[in-house]
Amino acid sequence: MITESGVLMSSLKMIPYIKDNYCKKGKIVIEDNVWIGANVIIFPGVIIGKKSIIGAGSIITKNIPPYSIVKGQPGIVFKKIQDNKVIPI
């Protein structure tokens, strides 16, 4: 149902569910030598490990291990960096 103000009433009922299940609290930690592409969204409480690369437009919802290459929505690790070589997962 849409009210005069244009608010969809059924979506208002979802706010507590979204807050409880998807909104973490805490600081975002970005360790040393991390590259972050344009328009990346990082959720609160996430730690991005050292020497990781985050692709443009990714949405990071979980911690990223060190030496990882991440892309997507939600961001997933699809390659690792080991001994200066890129290794597919």
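Here the closest heavy-atom approach between residue Gly26 and residue Pro44 is recorded as O-CB, 3.6 Å. Across Lys62 and Val46, no two heavy atoms sit closer than the pair O-CG1, 3.4 Å. Ser52 and Pro65 make their closest contact through OG-O, 3.1 Å (heavy atoms, listed as atom of the first residue, atom of the second, distance).
Put simply, the side chain of Thr61 never gets that close to the backbone of Gly75: no donor and acceptor are under 3.5 Å apart. Looking only at distances, a side-chain donor or acceptor of Gln73 sits under 3.5 Å from a matching main-chain atom of Gly57. Distance alone, capped at 3.5 Å, is enough to place a donor-acceptor pair between the Asn63 side chain and the Ile47 backbone.
Taking 4.5 Å as the limit, every side-chain heavy atom of Asn33 sits out of range of all side-chain heavy atoms of Lys50. Under the 4.5 Å side-chain criterion, counting only non-hydrogen atoms from C-beta, Ile42 is in contact with Ile36.
Listed by chain and number, the residues in a side chain to side chain donor-acceptor pair (under 3.5 Å) with Ser68 are Lys80 (sequence neighbours excluded).
Under the 4.5 Å side-chain contact rule for hydrophobic residues, Ile76 and Ile59 do not share a cluster. Both Ile28 and Phe43 sit in one connected hydrophobic cluster of ILVMFWY residues. Membership requires side-chain heavy atoms under 4.5 Å apart, directly or through other members. Hydrophobic clustering (ILVMFWY, side-chain heavy atoms < 4.5 Å, transitive): Ile41 and Ile30 are in one cluster.
Grouping Ile, Leu, Val, Met, Phe, Trp and Tyr by side-chain contacts under 4.5 Å, direct or through others, puts Phe78 with Trp35, Ile53, Tyr67, Ile69, Ile81, Val86.
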